[in-house]
*Asks:* 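A single structure is presented below for examination.
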Amino acid sequence: MKSTNTLFLDTFNAYKEGVQEYRIGSVIFHKENERYNVVDGQQRLTTLSILLYCIGDKEQGLLREKYNQLSNDAIVTNFEILSKRISELSKDEQSKYKEYLLEQCSAVQIVTDSEQEAFQFFDSQNSRGKELAPHDLLKSYHLREMDDADEHLKVKIISQWEDRNQDNLNDLFKSYLYPLTQWYKGKNGLGYSSSKIDVFKGIKATNVYNYAIYHKASNLFVEQFNTNGNSEILSSRALNQFQLTQPLVAGKRFFNYALHYGKKLEQIQKLINKDQNDEQIPSRRSGDLYIKQLYECALLFFADRFGMDSLSTGVRQQLYSWSYSLRLTMNAVYPQTINKYARGRHERLNEGLDLF
């Protein structure tokens, strides 16, 4: 994973270059009785623990904690990456690098017994220093929108967010959610960056316009319906709270929105891997990756509108043919090609035929 390799390369290069003290960033803790809850920096700490474990320091308390399946999978993957990296070093190099990690790498440690203060520290840390990824800026924005929310709820939501692979979260917004929320309106789906995050800021709690009240009320109704067990009474599944064609509501619902579509995308990717082989879904060239993402976007948008159960073999085949017909026609496929095709604006292929 990108962030894992980055941590290794940054610290190893600092060791090789003789940097006297290497700062790995800051970690914010909320102290609750004798327990320390990580508000920010969980992924960095876990990756560093795996790195130290791989290099021979087996007493890593974080690795003995209980994690959900997604986090366990990420830990195993990171272990494999770092084990390979460490195995490429000589025993002498491993010993010196380990000593450097333990003696000359440091982090800014912020501890507070107030949850509110911990989140204020988190926000201030994320407002300066190197440029943050767009999804980190959104995280900070929507935490501020939860100012009046229960502090334990904030800790729970941030823990769920931190448990997700951050590279995957970035890719979710950049390659799937942003393009889809633009394509269905006939707009450009390229160029997602920190300057484009307004798309995901949503309706604020203070908005009192008719459309805002409608969407806030519909979200509240669905949550109450699902919580009160009405779906069981009506022998139906829990109601779906989100739609890509509808605005989201700021605050806690943004985090639920991101987790919802992250899981939905994983379901679709597993379905593709189960149904189709490497010849049908090639990945030799960069254009193959762009087309695969277009296919995944088409399936995600359809499932969002009609439900996963509606993704029949016939539907999947139609969307596959629509996506991969690009490869039959075009010798080279670029992001600009995908962007035009998705909006029905490709002069040679589908001018005026907008799928979304």
Side-chain angles (χ1 to χ4, degrees), residues 1-4 6 40 42-43 70-71 74 122-123 126-127 130-146 157-204 215 219 240-270 272 286 289-305 334-336 338-339 342-343 356:
M1 295 180 185
K2 185 178 177 181
S3 56
T4 303
T6 298
D40 189 47
Q42 175 75 47
Q43 188 175 26
L70 186 66
S71 296
F122 162 79
D123 200 29
N126 282 346
S127 66
K130 68 177 183 178
E131 184 178 358
L132 291 171
H135 70 279
D136 283 324
L137 292 173
L138 285 168
K139 171 185 173 182
S140 182
Y141 174 84
H142 287 284
L143 274 177
R144 288 197 298 273
E145 288 299 309
M146 292 176 65
I157 284 175
I158 288 303
S159 296
Q160 290 176 329
W161 182 270
E162 289 290 322
D163 279 344
R164 304 293 293 183
N165 178 279
Q166 299 300 297
D167 292 332
N168 290 349
L169 265 178
N170 186 55
D171 195 45
L172 173 68
F173 283 95
K174 179 181 178 181
S175 302
Y176 300 94
L177 298 184
Y178 182 73
L180 284 172
T181 56
Q182 300 308 296
W183 287 342
Y184 90 87
K185 293 182 283 191
K187 295 183 177 181
N188 179 14
L190 295 179
Y192 180 64
S193 66
S194 299
S195 65
K196 303 283 182 71
I197 63 172
D198 284 0
V199 174
F200 300 109
K201 286 187 174 179
I203 296 169
K204 301 177 73 168
H215 286 292
N219 271 265
N240 180 32
Q241 185 173 354
F242 306 107
Q243 285 282 291
L244 289 168
T245 56
Q246 300 296 318
L248 60 90
V249 177
K252 68 174 183 178
R253 294 177 181 90
F254 161 78
F255 296 100
N256 294 334
Y257 171 94
L259 295 174
H260 168 80
Y261 284 111
K263 290 176 183 176
K264 190 74 70 179
L265 179 60
E266 287 172 7
Q267 286 180 283
I268 284 167
Q269 290 170 335
K270 287 178 181 178
I272 291 173
S286 57
L289 173 62
Y290 302 142
I291 293 175
K292 182 182 179 184
Q293 287 177 338
L294 175 65
Y295 179 41
E296 291 169 342
C297 278
L299 292 173
L300 180 60
F301 196 79
F302 189 94
D304 184 59
R305 179 66 64 89
Y334 303 100
Q336 293 82 356
I338 299 292
N339 192 47
R343 294 181 292 154
F356 296 99

*Asks:* Got a sec, which residues hit side-chain contact (heavy atoms from CB on, under 4.5 Å) with K204, two or more places apart in sequence or on another chain?
*Replies:* Y141, E145, T206, N207
*Asks:* Applying salt bridge (charged side-chain N to carboxylate O under 4.0 Å, His left out), can you list everything that pairs with K201, at least two apart in sequence or on another chain?
*Replies:* D198
*Asks:* Answer whether the closest heavy-atom distance between the side chains of I157 and H142 falls below 4.5 Å.
*Replies:* no
*Asks:* Between atom SG of C297 and atom CG of L177, what is the distance when rounded to the nearest 0.5 Å?
*Replies:* 8.5 Å
*Asks:* Rounded to the nearest 0.5 Å, what's the gap from CG on L180 to CG on D304? Could you check?
*Replies:* 8.5 Å
*Asks:* If you count every heavy atom of other residues, nucleotides or ligands that lies below 6.0 Å from K174 atom NZ, does the total exceed 12?
*Replies:* no
*Asks:* For residues F255 and Q160, determine if any side-chain heavy atom of one lies less than 4.5 Å from a side-chain heavy atom of the other.
*Replies:* no
*Asks:* Do N188 and Q182 get their side chains close enough for a donor-acceptor pair, meaning under 3.5 Å?
*Replies:* no
*Asks:* What's the spacing between Y261 OH and I268 CD1 if we round to 0.5 Å?
*Replies:* 10.5 Å
*Asks:* Aromatic contact between F173 and F200, with the criterion being ring centroids under 6.0 Å apart: yes or no?
*Replies:* yes
*Asks:* Can you list everything that forms a side-chain contact (heavy atoms from CB on, under 4.5 Å) with N170? Sequence neighbours excluded, please.
*Replies:* A133, P134, H135
*Asks:* Can you spot which of L143, V199, I197 makes a side chain to side chain contact (heavy atoms under 4.5 Å, CB included) with L138?
*Replies:* I197
*Asks:* Could you tell me which residues satisfy side-chain contact (heavy atoms from CB on, under 4.5 Å) with S193, sequence neighbours excluded, listed by chain and number?
*Replies:* S195, K196
*Asks:* What distance separates K264 NZ from F242 CZ, expressed to the nearest 0.5 Å?
*Replies:* 11.0 Å
*Asks:* Taking the side chain from T181 and the backbone from Y178, do they hold a donor-acceptor pair closer than 3.5 Å?
*Replies:* yes
*Asks:* Apply side chain to side chain contact (heavy atoms under 4.5 Å, CB included) to residues L265 and N168 and explain how you reach the verdict.
*Replies:* CA-CA 11 Å; L265 179 60; N168 290 349; over 6 Å; no
*Asks:* Could you state the interatomic distance from CD (Q269) to CG (L300), rounded to the nearest 0.5 Å?
*Replies:* 9.5 Å
*Asks:* Anything under 30° is parallel, anything over 60° is perpendicular, the rest tilted; go ahead and classify F356 against F301.
*Replies:* perpendicular
*Asks:* Write down the atom of L172, the atom of A258, and the distance for their closest heavy-atom approach.
*Replies:* CD2-O, 3.5 Å
*Asks:* State, with a plain yes or no, whether a side-chain heavy atom of N219 is found less than 4.5 Å away from one of Q241.
*Replies:* yes
*Asks:* Check whether any side-chain heavy atom of L294 lies under 4.5 Å from a side-chain heavy atom of W183, and answer yes or no.
*Replies:* yes
*Asks:* Would you list the pairs meeting salt bridge (charged side-chain N to carboxylate O under 4.0 Å, His left out) in which at least one residue belongs to residues 182-194, sequence neighbours left out?
*Replies:* none
*Asks:* Using the six-membered ring wherever Trp is involved, compare the ring planes of F254 and Y257 and label them parallel, tilted or perpendicular (cut-offs 30° and 60°).
*Replies:* parallel
*Asks:* To the nearest 0.5 Å, what is the distance between CG (N256) and CZ (R253)?
*Replies:* 8.5 Å
*Asks:* Would you please name every residue forming a salt bridge (charged side-chain N to carboxylate O under 4.0 Å, His left out) with R343, sequence neighbours left out?
*Replies:* none
